[in-house]
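If you're wondering where the values come from, they're calculated on a predicted model, not measured in any experiment. Remember, it's 1-based here, ligands and their atoms both numbered in the order they're listed.
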Amino acid sequence: MGRVQDQVAVVTGAAKGLGESIALRLAEDGAKVVLGDIDGPGLAATATAVREAGGEAVTVVGDITEEELAAQLIESAIEHYGQIDILVNNVGGSRNSKIWQMSVEDWDYTIKLNLRGTFLCTRAAVPHMRKRSRGAIICLSSGAREGTPWTAYYQGGSAYSTCKAGVHGFMRDLALELAEFNIRVNCVAPGPIDTERAGASLRKLNETVDFSPDRMTPLGRLGQPHEVANAVLFLASDEASYVTGHTLAVAGGR
Ligand SMILES: NC(=O)c1ccc[n+]([C@@H]2O[C@H](COP(=O)([O-])OP(=O)(O)OC[C@H]3O[C@@H](n4cnc5c(N)ncnc54)[C@H](O)[C@@H]3O)[C@@H](O)[C@H]2O)c1
């Protein structure tokens with residue numbers, strides 16, 4: 001028996017990076033996964049990997065910041081499996097700039113990408129979870145919710161940090177709002193993780209700047225995607241049945 005055996009898990013941004021690892025980890029532990037991403041070929045590859053490992057996967061391709069698509073993703077879980085037990089709001093990213101150079105377009109893009117899909121998917125999933133008095137929602141925040149030295153000093157990450165503090169606040173409020181329905185809401189806050197997208201630039205910072213991820217992180221290395229996926233699995237599983245309103249840092253000690 002897996003730790004989320006026969007549960008139905010929706011994961012956003014599952015084509016690559018942390019979302020892909022999370023989808024594979026949940027499926028490995030018995031969940032049927034419903035996967036969303038704007039990258040169709042990448043999403044199909046994740047679904048194939050899940051099936052090749054003996055799991056079940058359904059995919060929905062499109063922009064998660066669009067109301068209709070977010071609703072479609074959640075409805076697809078209901079259509080195929082009749083329930084939704086776990087929602088992982090993973091989509092996020094940033095257009096960084098020093099504040100004096102940041103365009104309104106880049107600010108708005110970052111805010112929308114990190115917050116809107118999280119809101120839309122959660123709003124669509126909660127009525128189904130309420131009906132069964134059961135659910136686990138995990139949102140991807142970040143070490144950036146408190147500012148990240150390597151980003152702040154060298155790239156300008158204020159829009160991103162704003163969003164990830166926002167995700168933390170969203171989770172804290174919802175954990176209270178939804179506790180009476182036995183719906184747990186938590187965040188995982190990764191530090192510098194060696195994904196396809198972030199890994200190369202994080203490693204470059206390690207070679208070129210003083211306040212680098214390796215130097216500023218007590219464990220002195222980048223994290224691996226599976227280390228984040230393990231934390232999501234814990235919060236999604238019944239092992240965390242008395243844990244809600246918590247942000248679990250997977251950040252090498254920072
Ligand atoms: N990698 C890190 O070091 C790190 C650190 C802290 C927090 N995080 C957070 O973890 C999450 C995943 O990060 P990642 O590094 O794996 O990112 P990533 O860019 O590698 O993957 C994001 C996925 O989301 C998809 N996506 C992007 N915009 C979308 C949209 N509008 N609609 C649907 N899908 C969309 C992309 O196609 C991609 O598959 C994000 O919320 C990120 O902010 C990452």
Side-chain angles (χ1 to χ4, degrees), residues 10-25 34-47 49 59-74 88-96 108-121 138-148 150-151 155 157 159-168 170-171 187-206 212-214 216-217 221-229 231-232 247-252 254:
V10 175
V11 182
T12 71
K16 61 173 188 285
L18 299 183
E20 178 190 8
S21 280
I22 292 164
L24 289 165
R25 190 74 187 88
V34 179
L35 309 176
D37 205 290
I38 203 164
D39 167 7
L43 194 60
T46 303
T59 58
V60 176
V61 179
D63 182 347
I64 203 67
T65 68
E66 298 294 333
E67 191 171 1
E68 239 177 78
L69 191 283
Q72 195 189 324
L73 178 63
I74 300 301
V88 184
N89 288 309
N90 167 72
V91 164
S94 185
R95 286 184 186 160
N96 291 334
D108 286 347
Y109 170 86
T110 303
I111 299 289
K112 186 175 175 187
L113 182 63
N114 288 278
L115 293 176
R116 198 169 146 122
T118 293
F119 154 65
L120 290 171
C121 290
I138 297 104
C139 303
L140 271 287
S141 178
S142 166
R145 74 196 183 286
E146 295 175 339
T148 313
W150 50 91
T151 312
Q155 296 169 346
Y160 183 67
S161 292
T162 300
C163 296
K164 294 307 189 182
V167 169
H168 171 84
F170 177 75
M171 172 280 289
C187 283
V188 168
I193 309 296
D194 194 2
T195 57
E196 221 177 299
R197 174 185 63 86
S201 64
L202 291 168
R203 275 194 299 277
K204 190 166 175 210
L205 286 171
N206 280 334
S212 65
D214 279 3
M216 299 302 290
T217 304
R221 65 171 176 85
L222 301 183
Q224 293 304 313
H226 74 268
E227 295 177 298
V228 176
V232 172
T247 288
L248 175 53
V250 183
R254 187 177 183 275

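For ligand 1, one of its N or O atoms has an N or O atom of Ile193 under 3.5 Å away. Ligand 1 has a nitrogen or oxygen under 3.5 angstrom from a nitrogen or oxygen of Ile64. For ligand 1, the polar-atom distance check against Asn90 finds a nitrogen or oxygen pair separated by under 3.5 Å.
No part of Glu196 comes within 4.0 Å of ligand 1, judged by heavy-atom distances. Of all the heavy atoms of Ile38, the ones lying under 4.0 Å from any atom of ligand 1 are found in both the backbone and the side chain. Both the backbone and the side chain of Pro190 come within 4.0 Å of ligand 1, counting heavy atoms alone. Neither the backbone nor the side chain of Ala14 comes within 4.0 Å of ligand 1, counting heavy atoms alone.
Listed by atom number, the atoms of ligand 1 under 4.0 Å from Ser142 heavy atoms are 6 (C), 7 (C).
Side chain of Thr217 to main chain of Asp214: no donor-acceptor pair is present (N/O by atom type, distance under 3.5 Å, no hydrogens or angles). Arg145 contributes a side-chain N or O that, together with a main-chain N or O of Ser142, makes up a donor-acceptor pair within less than 3.5 Å. Of the possible donor and acceptor atoms, none in the side chain of Thr110 sits under 3.5 Å from a partner among the backbone N and O of Ser94.
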(message) For His168 and Ser141: C-alpha separation, side-chain torsions, deciding distance, then whether side chain to side chain donor-acceptor pair (under 3.5 Å) applies.
(response) CA-CA 6 Å; His168 171 84; Ser141 178; 5.6 Å; no
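A distance of 11.5 Å separates OH in Tyr160 from CD in Gln155, rounded to the nearest 0.5 Å.
The closest non-hydrogen atom to atom 22 (C) of ligand 1, taken over Gly17, Gly19, Gly92, comes from Gly92.
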